[in-house]
Amino acid sequence: MEQADQGAVRPDSIPEVGEDAVTSVTVSPSIPTLTEEEQEELRGELLKVEDEILTLSQVLAAKEKQVADIKRKLGITPLNELKQNISKSWQEVTTSTAYKKTSEGLSVAGQKATAAFTSMGSAISRKFEDVRNTPTFKSFEEKVETLKVKMSPTASQGDFGDVLTSTATSDPSVPVEKQPEATPIATQEEQPH
């Protein structure tokens, strides 16, 4: 593995862009050998390009400062810029074909879901109505109504036990016997000696 690494360029051996790169340029055996004159010409061109890069960086920094000053004078804050960028991005999204197709698809899905829920609600309502019309439900409803009438204070002056007992027999004409009230049993401490 060590032999394979010898031919490869390692990241820590790559020179940085800048003045150090000019002095560290070495001729690789795989590149055709250049004459001394060609090497000098390339080094001069490299210095010229790097100088142009530096000049352009300085010009860019000056232009960015000028833009910041103009924006400050116009009252454009970074927050306003962010709002404008978000608004512009949202507008681009909403006018995109993908958004329109998705929006239309969701609209159709919503309409279908609404129709399905409406249909399901109608079916459930019909089923409840069918159940309510069955003899079993009507019998249950009558018993609940009877219990309600017997439990109302104006319909009966008896106690709750009387109402339950009479409801259990389901024949209101049958009189219900009252049970004698239980008397408390005295404990040993309360009994006279």
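Throughout, numbering of the chain's residues begins at 1 and tracks the sequence. Atoms considered below: every heavy atom in the structure, side chains included; atoms not considered: hydrogens, waters and symmetry mates.
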Show the atom names and distances, to 0.1 Å, of all donor-acceptor pairs under 3.5 Å that link a side chain in residues 122-135 to residues at least two apart or in another chain.
from: Ser122; atom 1: OG; to: Thr118; atom 2: O; distance (Å): 3.1
from: Ser125; atom 1: OG; to: Gly121; atom 2: O; distance (Å): 3.0
from: Asn133; atom 1: ND2; to: Glu129; atom 2: O; distance (Å): 3.2
from: Thr134; atom 1: OG1; to: Val131; atom 2: O; distance (Å): 2.7
from: Thr134; atom 1: OG1; to: Phe137; atom 2: N; distance (Å): 3.4

What do you reckon, is CD of Glu45 surrounded by more than 12 foreign heavy atoms closer than 6.0 Å? no
The side chain to side chain donor-acceptor pair (under 3.5 Å) partners of Glu40 (sequence neighbours excluded) come to Arg43
Gap between atom CG of Asn80 and atom OG of Ser87 - 0.5 Å precision: 12.0 Å
List, one per line, each side-chain donor-acceptor pair under 3.5 Å for residues 91-98, sequence neighbours excluded.
from: Thr94; atom 1: OG1; to: Trp90; atom 2: O; distance (Å): 3.1
from: Thr94; atom 1: OG1; to: Gln91; atom 2: O; distance (Å): 3.0
from: Thr95; atom 1: OG1; to: Gln91; atom 2: O; distance (Å): 2.9
from: Thr95; atom 1: OG1; to: Glu92; atom 2: O; distance (Å): 3.2
from: Ser96; atom 1: OG; to: Val93; atom 2: O; distance (Å): 2.7
from: Ser96; atom 1: OG; to: Tyr99; atom 2: N; distance (Å): 3.2

Checking the side chain of Ser57 only, and the main-chain atoms of Ile53 only, is there a donor and an acceptor separated by less than 3.5 Å? yes
Thr102 side, atom OG1; Lys100 side, atom NZ - distance, nearest 0.5 Å: 12.5 Å
Could you grab the distance from atom NZ of Lys88 to atom CD1 of Ile86, nearest 0.5 Å is fine? 13.5 Å
Applying side chain to side chain donor-acceptor pair (under 3.5 Å) to Glu81 and not counting sequence neighbours gives Lys71
Can you tell me how far apart CD (Glu41) and OG1 (Thr35) are? Round to the nearest 0.5 Å. 8.5 Å
Nearest-0.5 Å distance, CG of residue Leu42 to CG of residue Leu47: 11.0 Å
When rounded to the nearest 0.5 Å, the distance separating OG1 of Thr146 from CE of Met151 is 13.0 Å
Those residues that, when tested against Gln66, pass side-chain contact (heavy atoms from CB on, under 4.5 Å) (two or more places apart): Lys63, Ile70
Checking Glu142 now: which residues fulfil side-chain contact (heavy atoms from CB on, under 4.5 Å) with it, not counting sequence neighbours? none
